[in-house]
Engineer: 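After the structure tokens below, expect a handful of questions from me.
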Amino acid sequence: MLWNGVIDKYRDFFPVTDSTPVITLKEGNTPLFKADNLVKVINPALEIYLKFEGANPTGSFKDRGMTLAVSKAIETGAKAIICASTGNTSASASAYAAKAGIQAFVLIPEGKISLGKLAQAMIHGARVIQVEGNFDEALSIVKKISEKYPMVLVNSINPFRIEGQKSASFEVSDHLGEAPEYHSLPVGNAGNITAYWRGYKEYYDAGRIKNLPRMLGFQAAGAAPIVLGHPVDRPETIATAIRIGNPASWKGALQARDESGGRIEAVTDEEIIEAYRMIASLEGIFCEPASAASVAGVIKLNREGYFKEGDRVVCTLTGNGLKDPDTAIRVSNVPIKVKADIEEVEKILGYEIYSAHR
Ligand code: F0G
């Protein structure tokens, strides 16, 4: 069966009708990897799976929600969409607007989004506005603008975004044949953890799964309002995607945590980078720093003895590492430079001994 995107696949779970035009880039159907190398290092008694959302068409989970948000916007005759973003929402909004033939306007915090994400918005033809402020300030501006002008807001306050994003829970459930014991996610604006929890509950209610996971959410320590219990005025973290001080779906995140009996905690930038490197070097998956917060959190809880033997833990890797090559280069070994000479290269490789016998 050809894959035609999440609306086509899970139509019954979405507020669409036959007259809803479907704007899709064939998002979804992303791989779920069993992280055998990672568990050897973390805890061989666990089963860890990685849901790689970087395999979506614009390289992040945002596409799942954007297909629905933009399709519904087109259904109501919209000619423009607008969002604030730490980068991925703007990349996705720009691409789906291009596909739909409408204009995207995106507000981003100046100097605080990764280069790849900025490039995406620009090449897809969005009007990119860099705000001298943070994500939270940009979000409050676009909310007001969308109330004043004929532009559809496509941040996750738009209910169709969360609706579409819940499709990831369906896929995990379909893949495993049941829900895992735990599902771990990075938390920024908190839309995604809200969406996943809703997705699991709906699948449960529909009789597709017989259990529900405990939801685990992880914020960066310098941007951890939910953990602290109050907004953070100046959020800071290397994981710019989740550099958010006042999440729009705060309540949804608390509900996911409390109804499921899960946890929302903070991980430091050091823990995030350690996990980011481990995922890449042990599993061959290049995710972005924010994505690694899901694994960093699981490593942390595991150290505290939180899990029991045989637990299945799914970690969502929300975005593709190629979006942020600067961070990858910054935290990796510097490449060695040599003359264009085979003996020089052999020396570096440690094979110079063989060349003596040639
Ligand atoms: N991971 C990545 C790669 C993200 O881009 C985001 C959010 C999150 C995790 C957190 O998800 O907000 O649903 O809790 N990015 C938004 C954006 C804020 O503008 O692209 P959340």
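None of the values given here were measured: they were computed from a predicted structure. One-based numbering, in listed order, for ligands and for the atoms of each. Just so you know, residue 1 is the first one in the sequence shown, and it goes up from there.
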Engineer: Tell me, which protein residue and heavy-atom name are nearest atom 12 (O) of ligand 1, and how many Å apart are they?
Structural biologist: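 Here the closest protein heavy atom is N189 N, 2.7 Å.
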Engineer: How close does the nearest protein non-hydrogen atom get to atom 11 (O) of ligand 1, and which residue and atom is it?
Structural biologist: F61 CZ, 3.5 Å
Engineer: So, regarding G191 and ligand 1 (criterion: nitrogen or oxygen to nitrogen or oxygen, under 3.5 Å), is there a contact or not?
Structural biologist: yes
Engineer: Tell me, which protein residue and heavy-atom name are nearest atom 20 (O) of ligand 1, and how many Å apart are they?
Structural biologist: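 Its nearest protein heavy-atom neighbour is T89 N, 2.8 Å.
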Engineer: State the atoms of ligand 1, each with its element, that fall below the 4.0 Å cut-off from a heavy-atom position in S85.
Structural biologist: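 Under 4.0 Å from S85, ligand 1 has these atoms: 17 (C), 19 (O), 20 (O).
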Engineer: Where on I242 is there a heavy atom closer than 4.0 Å to ligand 1, on the side chain, on the backbone, on both, or on neither?
Structural biologist: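 The side chain, only.
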Engineer: Using heavy-atom distances only, which candidate in A190, A91, A84 approaches atom 14 (O) of ligand 1 most closely?
Structural biologist: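 Answer by nearest heavy atom: A190.
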Engineer: If I apply the N/O under 3.5 Å rule, does E288 come out as touching ligand 1?
Structural biologist: no
Engineer: Side-chain donor-acceptor pair under 3.5 Å between W197 and E259, yes or no?
Structural biologist: yes
Engineer: Looking at I244, which atoms of ligand 1 are within less than 4.0 Å of one of its heavy atoms?
Structural biologist: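 Going through ligand 1 atom by atom, the ones under 4.0 Å from I244 are 18 (C).
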Engineer: More than 12 heavy atoms of other residues, nucleotides or ligands under 6.0 Å from NZ of K201: yes or no?
Structural biologist: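 More than 12 heavy atoms, drawn from other residues, nucleotides or ligands, come within 6.0 Å of this atom.
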Engineer: Kindly confirm or rule out an N or O of K117 lying under 3.5 angstrom from an N or O of ligand 1.
Structural biologist: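 In fact, backbone or side chain, K117 has no N or O that close.
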Engineer: Check this for me: does any side-chain nitrogen of one of E163 and R198 sit under 4.0 Å from a carboxylate oxygen of the other?
Structural biologist: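 Yes, charged N to carboxylate O under 4.0 Å.
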Engineer: Under 4.0 Å from a heavy atom of V187: which atoms of ligand 1 are those, numbered in the order shown and with their elements?
Structural biologist: 14 (O)
Engineer: Name all pairs fulfilling the side chain to side chain donor-acceptor pair (under 3.5 Å) condition that reach into residues 68-80, sequence neighbours left out, sorted by first residue then second.
Structural biologist: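 Found T20-E75, K72-E75.
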Engineer: Just need the protein heavy atom nearest to atom 13 (O) of ligand 1, so name the residue and atom and give the distance.
Structural biologist: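 In this structure, atom 13 (O) of ligand 1 has N192 N, 2.7 Å as its nearest protein heavy atom.
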Engineer: So, do I242 and Q219 sit near enough that their side-chain heavy atoms are less than 4.5 Å apart?
Structural biologist: no
Engineer: Atom 4 (C) of ligand 1: which protein heavy atom is closest, and how many Å away?
Structural biologist: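 For atom 4 (C) of ligand 1, the nearest protein heavy atom is A241 CB, 3.5 Å.
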Engineer: What residue and atom, counting heavy atoms only, is the protein's closest point to atom 5 (O) of ligand 1, and at what distance?
Structural biologist: N88 ND2, 2.8 Å
Engineer: Without hydrogens or angle criteria, can the side chains of Q165 and N192 be said to hold a donor-acceptor pair below 3.5 Å?
Structural biologist: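 The answer is yes; a qualifying pair exists.
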Engineer: Does any donor atom in the side chain of T327 or Y276 lie under 3.5 Å from an acceptor atom in the other side chain?
Structural biologist: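 Result is no, nothing qualifies.
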Engineer: With backbone taken as N, CA, C and O and side chain as the heavy atoms from C-beta onward, which portion of T194 lies under 4.0 Å from ligand 1: side chain, backbone, both, or neither?
Structural biologist: neither
Engineer: Which atom pairs, one a donor and one an acceptor, fall under 3.5 Å between side chains of residues 38-52 and the rest of the protein, sequence neighbours left out?
Structural biologist:
unit_1	atom_1	unit_2	atom_2	d
N43	OD1	A45	N	2.9
N43	ND2	N302	OD1	2.8
E47	OE1	Y49	OH	2.9
E47	OE1	R312	NE	3.3
K51	NZ	T30	O	2.9
K51	NZ	T30	OG1	2.9
K51	NZ	E171	OE1	2.7

Engineer: Within the 3.5 Å criterion, strictly below it, is a donor on E27 or Y96 matched to an acceptor on the partner's side chain?
Structural biologist: yes
Engineer: N/O to N/O below 3.5 Å, does that happen between T318 and ligand 1?
Structural biologist: yes
Engineer: Does the pair E344/K347 count as a salt bridge with the N-to-O cut at 4.0 Å?
Structural biologist: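 Salt bridge between E344 and K347, a charged N being under 4.0 Å from a carboxylate O: yes.
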Engineer: Counting only heavy atoms, tell me which of K62, E53, R161, Q219 gets closest to atom 7 (C) of ligand 1.
Structural biologist: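 That would be K62.
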Engineer: Would you say the side chains of E137 and S140 form a donor-acceptor pair under 3.5 Å?
Structural biologist: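 Their side chains do not contain a donor-acceptor pair, so the 3.5 Å distance test is not met.
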